[in-house]
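I have placed the structure first, in the form of structure tokens, so that the comments after it can refer back to it.
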There are 2 protein chains.
Amino acid sequence: MVKYESDELGRTFQALADPTRRAILARLETEPALSVSALAEPFPMQLNAVMKHLDVLSDAGLVARHKSGRTVSVTLTPQPMEAAMAWLQRYERFWTASLDRLAAFVETPPEA
Amino acid sequence: MVKYESDELGRTFQALADPTRRAILARLETEPALSVSALAEPFPMQLNAVMKHLDVLSDAGLVARHKSGRTVSVTLTPQPMEAAMAWLQRYERFWTASLDRLAAFVETPPEA
DNA sequence: CAGACACTTCACCACATGGTGAAGTATGAA
DNA sequence: TTCATACTTCACCATGTGGTGAAGTGTCTG
């Protein structure tokens, strides 16, 4: 279980897997620069916990923190999502054009 | 840390976060129905470990298993990816049209 | 039936994750 | 200088995750 590799895409998906983190990103979509405490305020958890989520998000490159004075403002840097979208896009054909073909595969014997 | 909720989207992203599982899905994209052992063969781990990955993938609804005789064939059922794509798509504007506007946000003081 | 084969399940392990409370560190204000 | 504010870090905890080896189950095959 070494996980020494960089695996950018993995960190992106991992970061997106938590509902709290998705909520943080969703808030930053409409309010483009929020302080850490403003971000944490709506959540039913301690500031520490939100900090850890922010650590995961910035390790994944999805947000950036900028200290100005004693407040730290968090901004969206969603470029890593582009790679995630691109990865998913390879499967798009399965739920658009050839859904019936997929259904056929599902019923196909294993040696086909 | 209850995690009682269903959180379909979270399970999807969680399933996609592991490189082994992404490799499994990638293989199923081109070879639409593979047996469990055929799927496991290229990986440097025991069959058990691959089984656990398949459990995660089928819990997320990304693959289906169909037993026929003593072999089990695994097929791609990537519908949950559609929701994941849709979620990501909300952020698409940030890396296409208004990248310069994003850059401006990054430099904006926190109270803006 | 006996045995191989394909898969599943069980018990276990090390490390990651998501939370807590409490203490620590700058920085702005009185 | 003193104190509150805004984060950060530390120590800890329960549970989840990704792997192992070994045993169990159902299905062909000789």
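We name chains A, B, ... by the order of the sequence lines, and we start the count at 1 in each one.
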Mind checking what makes salt bridge (charged side-chain N to carboxylate O under 4.0 Å, His left out) contact with B:Arg27, not counting sequence neighbours?
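B:Glu31.
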By salt bridge (charged side-chain N to carboxylate O under 4.0 Å, His left out) - contacts of A:Glu8 (at least two apart)
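A:Glu8: salt bridge (charged side-chain N to carboxylate O under 4.0 Å, His left out) contacts with A:Arg11.
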Quick one: [X] [atom1] to [N] [atom2], roughly how many Å, whole number?
X       : N      : atom1 : atom2 : answer
B:Phe43 : D:dT20 : CZ    : P     : 13 Å
A:Met45 : C:dG21 : CE    : C1'   : 16 Å
A:Asp18 : C:dT17 : CG    : P     : 11 Å
A:Arg11 : C:dA16 : CZ    : P     : 14 Å

Ignoring hydrogens and angles, write down the donor-acceptor pairs under 3.5 Å from the side chains of residues 40-51 of chain A, residues two or more places apart or on other chains.
none

Which sits closer to the 5' end of DNA chain C, A:His53 or A:Lys67, going by the nucleotide each is nearest to?
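Here A:His53 is the residue nearer the 5' end.
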What residues form a side-chain hydrogen bond (donor to acceptor under 3.5 Å, both in side chains) with B:Asp55, not counting sequence neighbours?
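Counting only residues at least two positions away or on another chain, B:Asp55 forms a side-chain hydrogen bond (donor to acceptor under 3.5 Å, both in side chains) with B:Arg65.
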Would you please confirm or rule out a distance under 4.0 Å between OP1 or OP2 of D:dG21 and any side-chain N or O of B:Gln46?
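Checking D:dG21 against B:Gln46, a side-chain N or O does come within under 4.0 Å of OP1 or OP2.
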N/O to N/O distances under 3.5 Å, protein versus nucleotides 6-11 of chain C:
residue: C:dA6; atom: O3'; partner: B:Arg70; partner atom: O; Å: 3.4
residue: C:dC7; atom: OP1; partner: B:Val36; partner atom: N; Å: 3.3
residue: C:dC7; atom: OP1; partner: B:Val72; partner atom: N; Å: 3.0
residue: C:dC7; atom: OP1; partner: B:Val72; partner atom: O; Å: 3.3
residue: C:dC7; atom: OP2; partner: B:Ser37; partner atom: N; Å: 2.8
residue: C:dC7; atom: OP2; partner: B:Ser37; partner atom: OG; Å: 2.2
residue: C:dT8; atom: OP2; partner: B:Arg65; partner atom: NH1; Å: 3.2
residue: C:dT9; atom: O4; partner: B:Asn48; partner atom: OD1; Å: 3.2

Tell me, do B:Leu16 and A:Leu88 make a side-chain contact under 4.5 Å, heavy atoms counted?
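When only atoms from C-beta onward are counted, A:Leu88 and B:Leu16 do touch, with a gap below 4.5 Å.
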By side chain to side chain contact (heavy atoms under 4.5 Å, CB included), which residues pair with B:Glu82, not counting sequence neighbours?
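A:Trp95.
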